[in-house]
Amino acid sequence: MCGIVGYIGPKDAYPILIKGLYRLEYRGYDSAGVALLDGDLKLYKTQGKVDDLARLVNGQNVAGTIGISHTRWATHGEPNDVNAHPHYSPSGNMAIIHNGIIENYGSLKEELLNRGYVFRSDTDTEVLIHLIEDIQLNEKTDLVEAVRIALNQVVGAYAIVIVSKEYPDHLIAAKKGSPLVIGVGKDEYFLASDASPIVEYTKNVVYLDDEEMAIVPRHGKLKIKTIRNQEKTPYITELEMQLHSIEKGGFDHFMLKEIYEQPRSIRDSMRGRLNVAKGIISLGGIIDYEQKLVNCQRIIIVACGTSWHAGLVGEYLFEDLARIPVEVEYASEFRYRNPVITEDDVVIAISQSGETADTLAAIQLARSKGATIIGICNVVGSSIARATHAGSYTHAGPEIGVASTKAFTAQVTILTLMALSIADKKGTITKTRYHQLIAEMDAIPAKVEKTLKVNDCIMAIAKIFQLSRNFLYLGRGYNFPVALEGALKLKEISYIHAEGYPAAEMKHGPIALIDEEMPVVVMATRKGTYDKVVSNIQEVKARKGIIIALVTEGDTIVRNMADHVIEIPDTDEILVPLVATIPLQLLSYHIAVLRGCNVDQPRNLAKSVTVE
Ligand code: G6P
């Protein structure tokens, strides 16, 4: 949710900043801007994407070895040129970029308005930079101190970077709630919302903690202190990210690349954790808390969006295999409804980005009640990863497409390993079944690889249904979350209205929608509730609905009933989500491409939702 990039060093800042913005564009793409200091503080910004900014700046003077830049997902004020970041201070001597929300901006603004300040934009960010300059003038302090005092008055979330004419050899940054990484190069520093704009220049990074400020010099050492004025020693860590993992690698879109990466990302998420020969699952990151899971009375899974769907698969897995009651909660609801949480509960927080504000707040609430928190995150060092007691990273690699694909299957992979491992330790699964399941788990990457071969068949189906206005997705058991995820994917990137439903629930409402224009995607894989799903297909056919069925290889019963059939390899019922999700991702991808939608950056969405 908003991407920020800053640079200070010997090189021209603009090319580094604009390239960084392209890398962070998945975080928001309503407007973009850049401020460069070269004696003068020049500011260029525009509604639209980073491409629009690049066009605006083309031919202008972009000199300057210090600068800041921003790509925005609007929270306060519509996404127009004026509300785009950076924002000037009243004197024009400073500019700020901000990711987050200043919640008390209304009262702060009123006070500043009463004192005669004039605002150009509707943003909370402009209020913050006005406040900082006001403090600097009134309290006759230096900039660092003014920022520190201002941040003590602010309620909300922020990752900010400030450039000032009066301090041409420093950038000032701070963070709370929103992420900020500082790349430490040789005689240069990079600041960004995540490491992707930094990785090609340096692998050494410092992750700022909440309520920390960084004083980033052109020459010399980075200084960090808290907003309570405590000095901190910068802790440099080495990035594991590889440059090729954040590039399209010959695919038309990041989403397609990420769909095709799944055999590898699922394998990587199991690597070093699953040893079939020895019959061992070992999740190093949670080893110290495994006994808590074994003994817990209940698991509460908190997440948002696609991660919430992975959580639903987790519910089936833990209840089925480990016989532990599970509740799956939308983090945003959980945190506001005074939930009953005890010290015997284990909370599993699932988040690709590790930055989702609601999930983070749900964790903080559960922690304050004494629950044990286990994280499943994709981004190493992210806020959620750091807020948990223990966790397992999904080694999916950076996910750039806004619609989540490989992160989902990696999350389900980790949940499956966890549930199997706990089930084995609790003795709620027979040894034979355990060994059979881990062997089948090991075979999943190859089965996903094989599933990807349905691409041509799906492209043909996508052509037929590209103009549909509605879709229904039906599934039962382990396939119910898959149906929800399939519908979400289609909505997100093609803007076609789609509903996911438990197949049997259809007759309690959605059946009224079925007519000869309604494509119904049915998960009809053999095993589990196959016979029941066959009956549900009959119910749809009786009302002239169009059936697109996802079936197990070799199926003949559903094939004879369905209008279109997509075959996937056979696997155990509990592992079906890892395979069945793939064709649904491809279906939404191809429909979105045919409709001319921006697949990687769907309208109104952002990948990392750092506001509530
Ligand atoms: C946003 C993204 C979704 C994602 C959700 C949760 O809405 O567009 O793709 O599933 O946030 O994000 P998280 O990073 O916590 O998994």
Side-chain angles (χ1 to χ4, degrees), residues 1-3 24-30 73 75 99 177-179 193-194 196 254-255 258-259 265 269 301-314 328-335 347-364 373 375-388 391-394 396-415 481 484-495 500 581 584-585 588-589 592 597-612:
M1 200 133 278
C2 298
L24 290 182
E25 203 168 19
Y26 72 87
R27 299 180 67 86
Y29 28 83
D30 292 335
W73 188 89
T75 56
N99 165 210
S178 302
S193 302
D194 72 29
S196 58
F254 279 111
M255 182 179 177
E258 287 157 6
I259 290 173
S265 53
S269 295
I301 298 181
V302 291
C304 302
T306 290
S307 298
W308 186 84
H309 293 156
L312 275 188
V313 180
V328 187
E329 302 274 358
Y330 288 113
S332 55
E333 287 298 312
F334 178 75
R335 58 180 291 203
V347 171
I348 301 181
I350 309 176
S351 174
Q352 186 286 127
S353 62
E355 300 297 342
T356 303
D358 282 320
T359 309
L360 190 55
I363 290 171
Q364 280 150 358
I373 322 287
I376 299 180
C377 294
N378 196 38
V379 178
V380 176
S382 55
S383 304
I384 291 176
R386 285 185 289 161
T388 54
S392 280
Y393 283 115
T394 48
E399 191 181 64
I400 314 279
V402 166
S404 187
T405 53
K406 63 175 180 172
F408 174 79
T409 46
Q411 290 163 346
V412 173
T413 302
I414 300 291
L415 286 162
L484 290 181
E485 176 57 12
L488 177 65
K489 230 47 343 154
L490 189 69
K491 269 186 274 213
E492 280 179 313
I493 61 168
S494 73
Y495 318 138
T581 306
L584 304 190
Q585 295 170 344
S588 41
Y589 172 78
C597 299
N598 187 335
V599 173
D600 283 336
Q601 292 165 357
R603 71 182 178 211
N604 304 338
L605 293 178
K607 186 142 193 76
S608 174
V609 182
T610 51
V611 297
E612 293 176 16

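Side-chain atoms are counted along with the backbone in the values below, which use heavy atoms only and exclude waters and symmetry mates. These figures come from a predicted structure and were not determined experimentally. First listed ligand is number 1; within each ligand, the first listed atom is number 1.
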Do Thr306 and Glu485 have side-chain N/O donor and acceptor atoms under 3.5 Å apart?
-> yes

Above 12 or not: heavy atoms from other molecules or residues under 6.0 Å from CD of Gln364?
-> yes

Residues with a heavy atom under 4.0 Å from ligand 1, by chain and number, are Cys304, Gly305, Thr306, Ser307, Ser351, Gln352, Ser353, Thr356, Val402, Ser404, Glu492, Ala606, Lys607, Val609

How would you list, by chain and number, every residue that makes a salt bridge (Lys or Arg N to Asp or Glu O under 4.0 Å) with Asp358, sequence neighbours excluded?
-> Arg335

Any residue meeting salt bridge (Lys or Arg N to Asp or Glu O under 4.0 Å) with Glu492, in chain and number order, not counting sequence neighbours | Lys489

Just jot down the side chain to side chain donor-acceptor pair (under 3.5 Å) partners of Glu355, sequence neighbours excluded, or say none.
-> Ser383

Between Glu399 and Ser404, which heavy-atom pair has the shortest distance, and what is it?
-> OE1-OG, 3.0 Å

